[in-house]
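First comes the structure, then the notes that go with it.
The figures here come from the full heavy-atom set of this structure, side chains too, leaving out hydrogens, waters and symmetry mates.
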Amino acid sequence: MFTRYNRLAIELPKPKAPDANAAAAVQELLGGKFGEMSTLNNYLFQSFNFRNKKKLKPFFDLVASITAEELGHVELVSNTINLMIEGTTFPGDPNIAPMRAATDKRNTAHFIQTAQTSYPMDSMGGSWRGDYVFNSGNLILDLLHNFFLECGARTHKMRVYEMTSNPVAREMIGYLLVRGGVHIMAYAKAIEIATGVDMTKMLPIPNLDNAAFETTRKFEAEGVHRKLYTWSATDYRDIEKIWKGDHPLQGGQLEVIIGAPAGAPMPDFEEIPEEFAPGISQEDFDEIVKRLQRSAGI
C-alpha cells in the first residue's frame, strides 16, 4: 500500500510568462521511453513481481523504495508542465477565438485534450506505452536494466535542460539530475554486491558530475545527492545494506533517511474559463457549499 502526502518534492517557482513549446519538450521527461512514467512502472512491476523477497530483501527494499520516490517524480514533472503552460490563452467570448494562440504551439493536445495540463505522452504527443516496462524476473538482469534506464533518463534531462532556460523547468530538472544520480549509484552498488563487478568504473555514462548545471548546486550543497529514503516509517530499511559508505565520486557519507523528505507546498491552479475547466460557476460553487453543509449537518 502507499501513503500519500499533499506535498511536492521541491518548491517550484512561478513562471513570469507561459512557455507551452518548452512544456512540450518537458513532456519527454514524463511520458517518453526514458521518462518518469517509465522509471516508475519499471520499478513498480519489478517490486510487485519480485521473487524470494525474504532471502533477497535488501534488493527488494531498494527497488520498492525507489518506486515510491518515482511516484513523486511523476507528480513533480506533471506540475512543472502545468505551470509552464498556464496563461497561454485568455478568457473571452468563444466567437473571438480566445485560444487562438494554441494553434501555433507544438503540442495542441495540451489545449484540446488536457485543458493545459500534463498527460502521459512524449514530446511529440505519442502516448506512453506499457511495453516500456522491463521485468524479466531475473534479479541481475533487472538491476542492470534499471541502471541503464536511469542513465538514459539522465541523458534526456541534460538535453532538455539545454533546450530551455525556463526557470521552473530548470529547477525541476536540476533536482531530478541529482536524484537520478542517486538512483544510478544505488543500482550500481546493488549490482556490485550481487556480482562483484565494480559498476562505478562505467561511470560516467553519462557523467554524474552536476557542476555544470546551475540549478543542481543548491541541492548538492544540502546533501541531496547522498540521501536515499525508505519512504516508509517501518519498512524497506535494509537499503542500508546497499546504500552505505562514502559517495564514490564526490565524497561524504551516504545516508539512509527513514521516511520521506519534507516536501513543499502543492501548486493550486486557477480556473481556465476558455477551457471550461473546471466548469464550476460561482453559482455552482455556492450550491456545492450548501450541499456540503447540509451533508455535515451544519
Side-chain angles (χ1 to χ4, degrees), residues 4-32 35-37 69-92 98-102 104-121 123 156-180 210 213-222 224 260-280 282 285:
R4 183 167 183 172
Y5 301 93
N6 190 28
R7 304 278 289 174
L8 208 57
I10 59 169
E11 187 170 0
L12 293 173
K14 184 79 171 178
K16 294 181 180 179
D19 197 352
N21 284 337
V26 173
Q27 272 287 165
E28 189 69 26
L29 307 184
L30 179 64
E36 300 301 324
M37 285 289 297
E69 179 164 4
E70 295 295 349
L71 282 163
H73 289 183
V74 169
E75 184 176 53
L76 182 65
V77 179
S78 293
N79 277 271
T80 298
I81 293 166
N82 297 350
L83 285 166
M84 294 174 72
I85 302 174
E86 189 177 42
T88 302
T89 61
F90 61 91
M99 288 177 42
R100 67 177 76 102
D104 296 325
K105 305 308 177 188
R106 278 189 49 227
N107 197 335
T108 54
H110 277 150
F111 301 90
I112 299 170
Q113 186 169 332
T114 71
Q116 302 183 38
T117 56
S118 64
Y119 198 71
M121 59 186 170
S123 60
H156 285 194
K157 290 181 179 71
M158 293 192 296
R159 291 171 179 169
V160 174
Y161 185 98
E162 292 184 320
M163 291 171 68
T164 176
S165 59
N166 185 282
V168 66
R170 285 198 163 182
E171 187 76 2
M172 176 273 293
I173 295 171
Y175 177 74
L176 292 188
L177 284 172
V178 175
R179 293 308 301 165
N210 289 316
F213 304 97
E214 182 179 3
T215 57
T216 65
R217 296 169 192 163
K218 66 178 178 181
F219 298 117
E220 291 194 339
E222 296 168 359
V224 172
M266 185 71 67
D268 188 13
F269 299 97
E270 299 294 331
E271 65 175 349
I272 309 180
E274 64 274 23
E275 292 271 16
F276 314 103
I280 302 294
Q282 185 62 46
F285 175 76

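- Pairing each heavy atom of N107 with each of A24, the nearest pair is CB-CB, 4.0 Å.
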If you look only at distance, which donor and acceptor atoms sit under 3.5 Å apart when one is on a side chain in residues 266-279 and the other is two or more places apart or in another chain?
{"unit_1": "E274", "atom_1": "OE2", "unit_2": "T89", "atom_2": "OG1", "d": "2.6"}
{"unit_1": "E274", "atom_1": "OE2", "unit_2": "F90", "atom_2": "N", "d": "3.2"}
{"unit_1": "E275", "atom_1": "OE2", "unit_2": "Q116", "atom_2": "NE2", "d": "3.2"}

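- E36 and K157 are joined by a salt bridge, as a carboxylate oxygen and a charged side-chain nitrogen come within less than 4.0 angstrom of each other.
- Here the CG-CG distance, from L71 to L76, works out to 12.5 Å after rounding to the nearest 0.5 Å.
- Looking at every heavy atom in both residues, V26 comes nearest to M84 through CG2-SD, 3.9 Å.
- Annotation: E214, atom CD; neighbour count of heavy atoms from other residues, nucleotides and ligands within 6.0 Å does not exceed 12.
- The CE atom of M121 sits 5.5 Å away from the OG1 atom of T114 when rounded to the nearest 0.5 Å.
- Taking CE from M172 and CG from L12, the interatomic distance works out to 8.0 Å, rounded to the nearest 0.5 Å.
- Of all heavy-atom pairs spanning F219 and V178, the tightest one is CB-CG2, 4.1 Å.
- Side-chain contact check for Q27 versus H110: some heavy-atom pair is nearer than 4.5 Å.
- Contact between R7 and P265 at its shortest, heavy atoms only, is NH1-N, 3.7 Å.
- Taking E86 as the reference, K14 meet the salt bridge (charged side-chain N to carboxylate O under 4.0 Å, His left out) condition, with sequence neighbours excluded.
- Across R106 and A25, no two heavy atoms sit closer than the pair NH1-N, 3.7 Å.
- When each of N166, I85, V168 is tested with D19 by the rule side-chain contact (heavy atoms from CB on, under 4.5 Å), just one qualifies, namely N166.
- Inter-residue side-chain proximity for V77 and L176 is flagged as met; some heavy-atom pair is nearer than 4.5 Å.
- Here the straight-line distance linking atom CZ of R179 with atom CD of E69 works out to 4.0 Å at 0.5 Å rounding.
- Taking OG1 of T216 as the start and CE of M158 as the end, the distance is 11.5 Å to the nearest 0.5 Å.
- Residue T80 holds its OG1 atom at 9.5 Å from CG of L29, rounded to the nearest 0.5 Å.
- Y175 places a side-chain heavy atom less than 4.5 Å from the side chain of V224.
- Partners of N210 under the side chain to side chain donor-acceptor pair (under 3.5 Å) rule, at least two apart in sequence or in another chain, are R154, E220.
- Residues Y161 and T215 have side chains in contact (heavy-atom distance under 4.5 Å, counting atoms from C-beta outward).
- The two residues Y119 and L30 have their closest heavy-atom pair at O-CD2, 3.4 Å.
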